[in-house]
Amino acid sequence: MVPLLDLKAQYEQLRQPINEALLRVAASQACILGPEVEQLERDLAEYLNVRHAIGVSSGTDALLIAFMALGIGAGDEVIVPTFSFFATAGCVSRLGALPVFVDVDPKSFNISPQAVRDAITSRTKAIVPVHLFGQAAEMNALMEIQNETGIPIVEDAAQAIGTQTSDGARVGTIGVIGCFSFYPTKNLGAMGDGGLVTTNDDLLAEKMMRLRNHGMEPRYYHSLVGGNFRLDAIQAAVLRVKLPHLPSWHQARRRNADAYNNLFAQHGLSTDVSGTFDSDNSVLIPTVVTDRSVADYHIFNQYTIQTRSRDALRTHLHKKGIGTEIYYPVPFHRQECFAALKTSQAHFPVADSLSSTVLSLPIYPELALHQIEEVVATVAEFERTPRPAF
Ligand SMILES: Cc1ncc(COP(=O)(O)O)c(C=O)c1O
């Protein structure tokens, strides 16, 4: 039995300080925003090295607030990768703007800067790189685009808290606004929903602070139409306990990724990381696409392999008690809710290929080496079984 994620294992390690934090909030009855959230915001601003870190209700709401703060609405276009979690595009549509889908890079799975350039029009109001699975998008090339065109970059760093670019900066602090999620499966997960927006721009920070609380300042005076996007004190208190452990959890995830890479190679299953299949390699392991050795370039929120017999492999692993997930089986341009955009026939070959080949394996920090060995041995067992030609 190897579950995809074991949140109880992490809780067991931190049971006492987490319980104390929960009781502290219960005793204070300061349940929403307040001192716990303010302290978390200071701690996260310091960790990320950014001027403003503003706690919000979820990663989805972080994206929504970011777009609202930039005044995005009807008639505007926002460029997003077609291969990501739904919220990246959904928040654009919810504001009446048009998500413009572009393809991703076959090695990093992140937005292709050239595809972004090709998609820019006079209506483009934002570009949204997603640091998918915890790996930094190509921020240097993307920042060149922002600097040349003036189009703001909103980083979807939901899966990438602590990820560093090749220059060592933390993602989410490089573009105009960064958006993070504390959904429990993230490297820094709350005990419920939570999120964060970050910026170095004082005016945007002030606007986002107001937007998260109905655009209200002072009380019952509303200069903007905002919403209830506030972070709970319970979530903040739990996150404050977990934040100091984040670097060691990143390290453990990286160690697990290295173990997978070595074991796949030992089993002769993965011969290269070129991002394309050839006759020799039946499993493509994740590629860390950086020319510099920056430890946190990829924080492995997910360890995602590619295989052409993905669905059958997944069924085999499931039968053997090994948890996996497909992030993501349908790219945005083929989602039913976007049918009116008439993008289902668009040519996004990388995203289309990834959606039928990706499979995420267990990678959580508490995973034991023998469990990783079990996963790889089970993949190897499947790959050795003769199947009809692909
Ligand atoms: C890339 C990406 N963007 C946005 C979100 C939305 O975050 P949340 O689930 O906290 O609303 C997620 C989280 O699932 C995500 O993975």
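Just follow the structure's listing: the first ligand is 1, and inside any ligand the first atom is 1. Just so it is clear, the values below take in all heavy atoms, side chains as well, and ignore hydrogens, waters and symmetry mates. Since we're looking at a predicted model, the values are computed, not measured.
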Measure from the side-chain N and O atoms of [X] to the backbone N and O of [Y], and report whether any donor-acceptor pair falls under 3.5 Å.
| X | Y | result |
| --- | --- | --- |
| Asn49 | Ala169 | no |
| Thr173 | Arg170 | yes |
| Arg254 | Ala295 | yes |

* Asked: What are the atoms of ligand 1, with element, lying closer than 4.0 Å to any heavy atom of Ala158?
  ->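 It comes down to these atoms of ligand 1: 2 (C), 3 (N), 4 (C), 5 (C), 12 (C), 15 (C).
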* Identify, with sequence neighbours excluded, every residue that meets side-chain hydrogen bond (donor to acceptor under 3.5 Å, both in side chains) alongside Gln10. =>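 Here the qualifying residues are Lys242.
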* Could you check which of Val128, Asp156, Leu63, Asp193 puts a non-hydrogen atom nearest to atom 1 (C) of ligand 1? => Asp156
Please determine if [X] has a nitrogen or oxygen closer than 3.5 Å to a nitrogen or oxygen of ligand 1.
| X | result |
| --- | --- |
| Phe85 | no |
| Lys186 | yes |
| Gln159 | yes |
| Ser181 | yes |
| Ser84 | no |

* Please indicate whether Met191 has more than 12 foreign heavy atoms, meaning atoms of other residues, nucleotides or ligands, lying under 6.0 Å from its CE. => no
